[in-house]
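Structure first, commentary second.
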Amino acid sequence: MRLRLPPRAVPLLLAGCLLACGVSCTGTGDPSATGAPGVGDRLFPDAGNGGYDVGHYTLDLDYDPASGQLRGTAVLTATADRQLDRFDLDLAGLTVRRVTVDGATARTSRKGDELRVSPAHPLRPGARFTTTVAYQGAPRLLTDPDGSHEGWFRTDDGALALGEPVGSMAWFPGNDHPSDKAAYDITVTVPRGLTAVSDGELVATRPVADDRTSYHWRSTAPMATYLATVAIGHFDVTRSTTPDKLPLYVAVDPRSDDAATAAALARIPEILHWEQGLFGPYPFASAGAIVDHLARGRVGYALETQNRPVFPGDGPPPAVDTTTLVHELSHQWFGDSVTPAAWQDMWLNEGFATFTEWLWKQHEGGPSLDASAASAFASDADWAFPPASPPHAAAVSAAPVYGRGALVLYELRRTLGAPAFDRLLKQWPAAHRHGNASTADFTAFCARFTSRDLRPLFATWLYGTARPARL
């Protein structure tokens, strides 16, 4: 999940049952013709919606930094998984002007962050349908259960949108849960002289009227809603390619362009090459980074937004250091390509990213892998709860998800042996490339690499509540 700057139990069979009954059975399992207002996520039960799967988002956004007003049109192409007389979209605030389903005006109502849509004609199971939502207003900042912020950050020269865990609903309507990934076309129109950066690849830049510019970004690889971003403002943009021809797009707010940050960002090709050696081919068509300057303390974390992670540039320099860059780029494999099936599976993102940090530090001549593991083992904070079972939503990005999640992988490496574990590091992201995976999927996958019974290892390190006597 988010890497803060500085950073921020159930049995195995029961975990599998929780996944099967709580997430993959979308919503409440009610056979009626109403899509559920949530997918039943254990930590965020209202996140997402039941009854359909989105395949593509087309977002056409027009933003005025002076007033903070956003005008948007969202076109969602989806498939119904049951008959639907009504379905929900997640949308926080903003005024909905009109909604159509397959071109016909739909009736709507609002309840909290749910936009309820009743099509003019019921949707049949398996039907592919298009929903168009025209909306406007001043997107708002949301406060997470742990007190951090997400959603739409208004800056002095534009805005920054960050969506983890449920912040995307602050700026576009959608199925806001990581289990529903989709392709995106995002077009952002801004005053001339400003730049709009998003995920994927820049398809076109064109003038609009006399004083505005439109930027069209496209993500053909499936993306979870929480990984979508838009950054609007003054940026120094560097476009280049890695030695193996991967396009890079790096956008840095000039106020955050210190020498140490520039030196770290210059190492992106080197870091990606090193990570590809560990995890296999880079999973997307481009890479890069966004460094934006906000009012001090407004964000406080870096985020692995797809293709180009975001780093806040409002603290003391450097805005970006290599260890944080390594962490967020590793998420392109673990989190962005292989996305958690539910929020309780976030250790699969953060445990892998933290373990990658440990490997990088050793690679750079710093603490050994053993020393980093020993430090995490000694940390009381890392033992507050089992990493695969955060007790509540406020704990989804707490220390055990990171440090103890990495310890699970460290113990796996010791048990499997380095050669088998190295194969696991490549084969796991390959097996679930551009998909979703759960903790139960991972523990079952690990059994392929040994004849030993791994259940005691997972019972202790992944699900156990007591710290072992020694590492």
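Excluded from the calculations below are hydrogen atoms, water molecules and symmetry mates; all remaining heavy atoms, backbone and side chain alike, are included.
- Here Arg308 does not pair with Asp292 in a salt bridge; the nearest charged N to carboxylate O distance is not below 4.0 Å.
- For Arg110, there are no salt bridge (Lys or Arg N to Asp or Glu O under 4.0 Å) partners two or more places apart in sequence or in a different chain.
- The environment of NE2 in His273 is sparse: at most 12 heavy-atom neighbours from other residues, nucleotides or ligands sit within 6.0 Å.
- With hydrogens and angles ignored, the 3.5 Å screen pairs a side-chain donor or acceptor of Asn436 with a backbone N or O of Pro178.
- In terms of the salt bridge (Lys or Arg N to Asp or Glu O under 4.0 Å) criterion, residue partners of Asp88 (sequence neighbours excluded) are, by chain and number, Arg86.
- Within the structure, side chain to side chain donor-acceptor pair (under 3.5 Å) pairs that include any residue of residues 71-80 comprise Arg71-Gln136 (at least two apart or interchain).
- Between the side chain of Glu164 and the backbone N or O of Leu227 there is no donor-acceptor pair closer than 3.5 Å.
- Side-chain N/O atoms of Glu201 and Ser286 include a donor and acceptor closer than 3.5 Å.
- Inspection of the His177 and Asp41 side chains reveals an N or O donor paired with an N or O acceptor under 3.5 Å.
- Applying the salt bridge (Lys or Arg N to Asp or Glu O under 4.0 Å) criterion to Asp46, with sequence neighbours excluded, gives no partner residue.
- Crowding of Arg239 atom CZ: a count of heavy atoms from other residues, nucleotides or ligands under 6.0 Å not exceeding 12.
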- Start with the C-alpha distance between Trp152 and Tyr63, add both sets of side-chain angles, then the distance that settles ring-ring contact (aromatic ring centres under 6.0 Å, His included), and finish with yes or no. CA-CA 12 Å; Trp152 191 268; Tyr63 185 62; 5.2 Å; yes
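- Sorted by first and then second residue, the ring-ring contact (aromatic ring centres under 6.0 Å, His included) pairs involving residues 235-272 (not counting sequence neighbours) are Trp217-Tyr249.
- Taking the salt bridge (Lys or Arg N to Asp or Glu O under 4.0 Å) definition, one finds that Asp62 meets it with Arg212, sequence neighbours left out.
- Side-chain atoms of Ser337 come within 3.5 Å of backbone N or O of His434 as a donor-acceptor pair.
- Salt-bridge annotation for Glu270 and Arg267: present, with a side-chain N of the basic residue lying under 4.0 Å from a carboxylate O of the acidic one.
- Looking at Arg218 and Asp185, a side-chain N of the basic residue comes within less than 4.0 Å of a carboxylate O on the acidic one, giving a salt bridge.
- For the pair Ser198 (side chain) and Thr229 (backbone), a donor-acceptor distance under 3.5 Å is present.
- Taking the six-membered ring for Trp and the full ring otherwise, Phe352 and Phe442 have centroids separated by under 6.0 Å.
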